[in-house]
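For reference, the structure is listed below as structure tokens.
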Protein chains: 2
Amino acid sequence: MAEKEPRVSIEECSYRKVLDIVSSKWTVLVMAALSGGTRRYGELRRRIADISQKMLTQTLRQLERDGLVERNAIPSVPPAVEYKLTPLGETLIPHFREMRQWAHDYYPLVERARSDYDRKHEMPATMD
Amino acid sequence: MAEKEPRVSIEECSYRKVLDIVSSKWTVLVMAALSGGTRRYGELRRRIADISQKMLTQTLRQLERDGLVERNAIPSVPPAVEYKLTPLGETLIPHFREMRQWAHDYYPLVERARSDYDRKHEMPATMD
DNA sequence: CTGTATCCGCCTGGATACTG
DNA sequence: CAGTATCCAGGCGGATACAG
């Protein structure tokens, strides 16, 4: 009789699965840089401002492990390594574009809301 | 002449803006719980498994500050507080559904890729 | 019922130095 | 050129206790 209150757990949460893949700091930026085609390591490093070697490598390794990026080491001197999106990785690109669109349409409203909220809550008791 | 290598920075990255809003651990779960309509604090707490008071409150405050959730405190004894999505918050729900769909379609491939990767890289030198 | 306050471990990510 | 290794600070999130 009583209305059900369905419980959701974070483990069975599809959103979390996706976010755990793409939400680390540089992931989307790296994938976006690869959406234009095959890129070499140093090329990525130059295109993505302020990314460190450690973070670029770490992000690429994680993407490779998740099957979103393919690594191709060319045995030459000096060594060259190419990275590109896998078909699986490509399936995320449209979603990134939608995120971009959302940010374009609505992010100004978020900034507005934030400053409104902060003004209302940070006033150090100046009221008479 | 040389081909341009356009640089992207993380500050002007639209993806980051969106992810910074929704990627904290409980955010999407809370918004999803609110997508069914107005909910009270305790109701949310019961519906979302394993969320602590601190995390629920903190997530709600952040959502309120970003203008995605509206808080309505009803002056009664004992106090009652209702939360609901704002129109701005509602605009994110379709995107969550798409994330859910992506997870349904492709997450098994990610898990497969991970176990493949781990098998190839974790073998403790057993080769002859 | 709806919160606040405090303490604290862990993990992410940055800086730096070194290597095949 | 394309990494690896190490150290370290800061922040996120969990546990617990208390409050209007």
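All values below come from the heavy atoms of this structure, side chains included, with hydrogens, waters and symmetry mates left out. Lettering follows sequence order; numbering is per chain, from 1.
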Taking distance alone, no hydrogens or angles, what donor-acceptor pairs closer than 3.5 Å link side-chain atoms of residues 22-30 of chain B to residues at least two apart or in another chain?
{"unit_1": "B/Ser23", "atom_1": "OG", "unit_2": "B/Leu19", "atom_2": "O", "d": "2.7"}
{"unit_1": "B/Ser24", "atom_1": "OG", "unit_2": "B/Thr27", "atom_2": "OG1", "d": "2.6"}
{"unit_1": "B/Thr27", "atom_1": "OG1", "unit_2": "B/Ser24", "atom_2": "O", "d": "3.4"}

Do any side-chain atoms of residues 58-70 of chain A form donor-acceptor pairs under 3.5 angstrom with protein atoms, and if so which ones, sequence neighbours left out?
{"unit_1": "A/Thr59", "atom_1": "OG1", "unit_2": "A/Met55", "atom_2": "O", "d": "2.6"}
{"unit_1": "A/Arg61", "atom_1": "NH1", "unit_2": "A/Tyr83", "atom_2": "OH", "d": "3.4"}
{"unit_1": "A/Arg65", "atom_1": "NH1", "unit_2": "B/Asp118", "atom_2": "OD1", "d": "2.8"}
{"unit_1": "A/Arg65", "atom_1": "NH1", "unit_2": "B/Asp118", "atom_2": "OD2", "d": "2.5"}
{"unit_1": "A/Asp66", "atom_1": "OD1", "unit_2": "B/Arg114", "atom_2": "NE", "d": "2.6"}
{"unit_1": "A/Asp66", "atom_1": "OD1", "unit_2": "B/Arg114", "atom_2": "NH2", "d": "3.3"}

Tell me which donor-acceptor pairs under 3.5 Å the side chains of residues 87-97 of chain A have, and how far apart each pair is, sequence neighbours excluded?
{"unit_1": "A/Thr91", "atom_1": "OG1", "unit_2": "A/Leu88", "atom_2": "O", "d": "2.5"}
{"unit_1": "A/Thr91", "atom_1": "OG1", "unit_2": "B/Trp102", "atom_2": "NE1", "d": "2.9"}

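For residues 10-22 of chain A, the pairs satisfying salt bridge (Lys or Arg N to Asp or Glu O under 4.0 Å) are A/Arg16-A/Asp20, with sequence neighbours left out.
Note that the two end axes of the helix from C/dC1-D/dG20 to C/dG20-D/dC1 enclose an angle of 50°, each drawn from 5 base pairs, rounded to 10 degrees.
Here A/Arg112 pairs with A/Asp116 under the salt bridge (Lys or Arg N to Asp or Glu O under 4.0 Å) rule; sequence neighbours left out. Contacts of A/Ala33 classified as side chain to side chain contact (heavy atoms under 4.5 Å, CB included), with partners at least two apart in sequence or in another chain: A/Leu44, A/Ile48. Looking at residues two or more places apart in sequence or on another chain, you find no ring-ring contact (aromatic ring centres under 6.0 Å, His included) involving A/Tyr107.
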Run the side chain to side chain contact (heavy atoms under 4.5 Å, CB included) test on B/Arg7 and A/Arg47 for me, step by step, so that the C-alpha distance in whole Å, both residues' side-chain angles and the decisive distance to 0.1 Å come before the verdict. CA-CA 4 Å; B/Arg7 288 171 68 92; A/Arg47 293 174 80 105; 5.5 Å; no

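The neighbour count for B/Arg45 CZ, taken as heavy atoms of other residues, nucleotides or ligands under 6.0 Å away, is above 12. Counting non-hydrogen atoms of neighbouring residues, nucleotides and ligands closer than 6.0 angstrom, the CG atom of B/Asp105 exceeds 12 such neighbours.
For DNA chain D, the contact window with chain B, defined by any atom under 4.0 Å from a protein heavy atom, covers D/dG13 to D/dG20 in 5' to 3' order.
Residues from residues 11-35 of chain B placing a heavy atom under 4.0 Å of any atom in DNA chain D, listed by number, are B/Ser24, B/Lys25, B/Trp26. Across residues 66-74 of chain B, B/Arg71 each have a non-hydrogen atom less than 4.0 Å from an atom of DNA chain C (numbered order). A heavy atom lying under 4.0 Å from DNA chain C marks the following residues of residues 48-58 of chain A, by number: A/Lys54, A/Met55.
Linking ILVMFWY residues whenever their side-chain heavy atoms come closer than 4.5 Å, directly or via other members, places B/Val8 and B/Val18 in the same cluster.
Between the CZ atom of A/Arg39 and the CD atom of A/Glu82 there is a distance of 11.0 Å, given to the nearest 0.5 Å. Between the CG atom of A/Leu34 and the CG atom of A/Leu85 there is a distance of 5.0 Å, given to the nearest 0.5 Å.
In this structure, B/Leu60 atom CG and C/dC1 atom P are separated by 16 Å, rounded to whole Å.
Nearest heavy atoms, B/Ala103 versus B/Pro108: O-CD, 3.8 Å. Closest of all the heavy-atom pairs between B/Pro75 and B/Ala73 is CD-O, 3.5 Å.
No engagement by B/Arg45 is indicated, since no non-hydrogen atom pair under 4.0 Å with the nucleic acid exists.
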